[in-house]
Amino acid sequence: MSTATTSASTANATAADSGPISSAVVKRLRSELMGLMMANISGISAFPDSDNLLKWRGTITGAAGTVYEGLKYKLLILFPSNYPYKAPTITFETPCWHPNVDEHGNICLDILKEEWSAIYNIQTILLSLQSLLGEPNPASPLNGHAARLWDNQDEYKRVLLKHYKDHAEGTVE
């Protein structure tokens, strides 16, 4: 890639924290995008939102054998200008009724907070979020009602499916 191309790409991308991004961050994100596309893992996807490499749209689908099986959720992924040394900010755009997700789509997941490491990438994050759907941490809830119901899977699934039908259906393709 030429210096002019790199400079133009860097100039077009601004971080969620309003700082310019380095060519190293651009290279890392492009590499992660290519790796995710090549892996072609069922139930997860993410792509940059138009020409802003620091703003991605993702989807996860609930894994088989969980109460979330087949339910599809859209995500907003904002990478900071110092990625991968700082975790991206990820929120559910599709309303998600879950013990570790609040009503605004904020997520309580240790690898996005205090356990973040630069070795993580978008693929591991999406897989962790998909896993979190079926294996929440009710001891650290953002949604107390969902956390209290988690042990009663039949009732949990009933409430989850009603919430999905009332709030999420039609928001994902």
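Each residue takes its place number in the sequence, starting with 1.
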Apply the side chain to side chain contact (heavy atoms under 4.5 Å, CB included) test between W116 and each candidate in L109, I125, D110; give the one that qualifies. I125
Please answer: with hydrophobic residues joined when any side-chain heavy atoms are less than 4.5 Å apart, are Y85 and I77 in the same cluster? no
Side-chain atoms of residues 42-49: list all donor-acceptor pairs with protein atoms under 3.5 Å, sequence neighbours left out, distances to 0.1 Å.
unit_1: S45; atom_1: OG; unit_2: T59; atom_2: OG1; d: 2.6
unit_1: D49; atom_1: OD2; unit_2: R57; atom_2: NE; d: 3.3
unit_1: D49; atom_1: OD2; unit_2: R57; atom_2: NH2; d: 3.3

With ring-ring contact (aromatic ring centres under 6.0 Å, His included) as the test, pick out the partner of F92 among Y164, W97, Y73. Y73
Side chains of F79 and R28 in contact at under 4.5 Å (non-hydrogen atoms): no
Would you say R30 and L53 make side-chain contact, with heavy atoms under 4.5 Å? yes
For a side chain to side chain contact (heavy atoms under 4.5 Å, CB included) check, start with the C-alpha distance between L36 and E32, then their side-chain angles and the critical distance, and finish with the verdict. CA-CA 6 Å; L36 184 62; E32 288 191 25; over 6 Å; no
So, does S22 use its side chain to make a donor-acceptor pair with the main chain of V25 at under 3.5 Å? yes
For residues 141-149, which side-chain donor-acceptor pairs fall under 3.5 Å, sequence neighbours excluded?
unit_1: N143; atom_1: OD1; unit_2: H145; atom_2: N; d: 3.2
unit_1: N143; atom_1: OD1; unit_2: A146; atom_2: N; d: 2.9
unit_1: R148; atom_1: NH1; unit_2: G144; atom_2: O; d: 3.3

Closest approach of H167 and P95, non-hydrogen atoms and distance? O-CG, 3.5 Å
With rounding to the nearest 0.5 Å, note down the distance linking CD in E69 to NZ in K157. 7.0 Å
What distance do L126 atom CG and L75 atom CG have between them, rounded to the nearest 0.5 Å? 6.5 Å
As a test of understanding, state which of I90, L33, L78, L76 forms a side chain to side chain contact (heavy atoms under 4.5 Å, CB included) with W56. L33
So CD of Q123 and CE of M37: to nearest 0.5 Å the spacing works out to 12.5 Å
Tell me if a side-chain donor or acceptor on S140 pairs with a main-chain N or O of N137 at a distance below 3.5 Å. no
d(I119 CD1, I111 CD1) to nearest 0.5 Å is 9.5 Å
Taking the side chain as every heavy atom from C-beta outward, state whether Y156 and P99 have any atom pair closer than 4.5 Å. yes
Any idea which heavy atoms bring Y120 and Y83 closest together, and the distance? O-OH, 3.8 Å
Pairwise distance OG(S31) to CE(M38) - rounded to 0.5 angstrom: 11.5 Å
Expected list for residues 127-135: side-chain donor-acceptor pairs under 3.5 angstrom, two or more places apart:
unit_1: S128; atom_1: OG; unit_2: T124; atom_2: O; d: 2.9
unit_1: Q130; atom_1: NE2; unit_2: T61; atom_2: O; d: 2.8

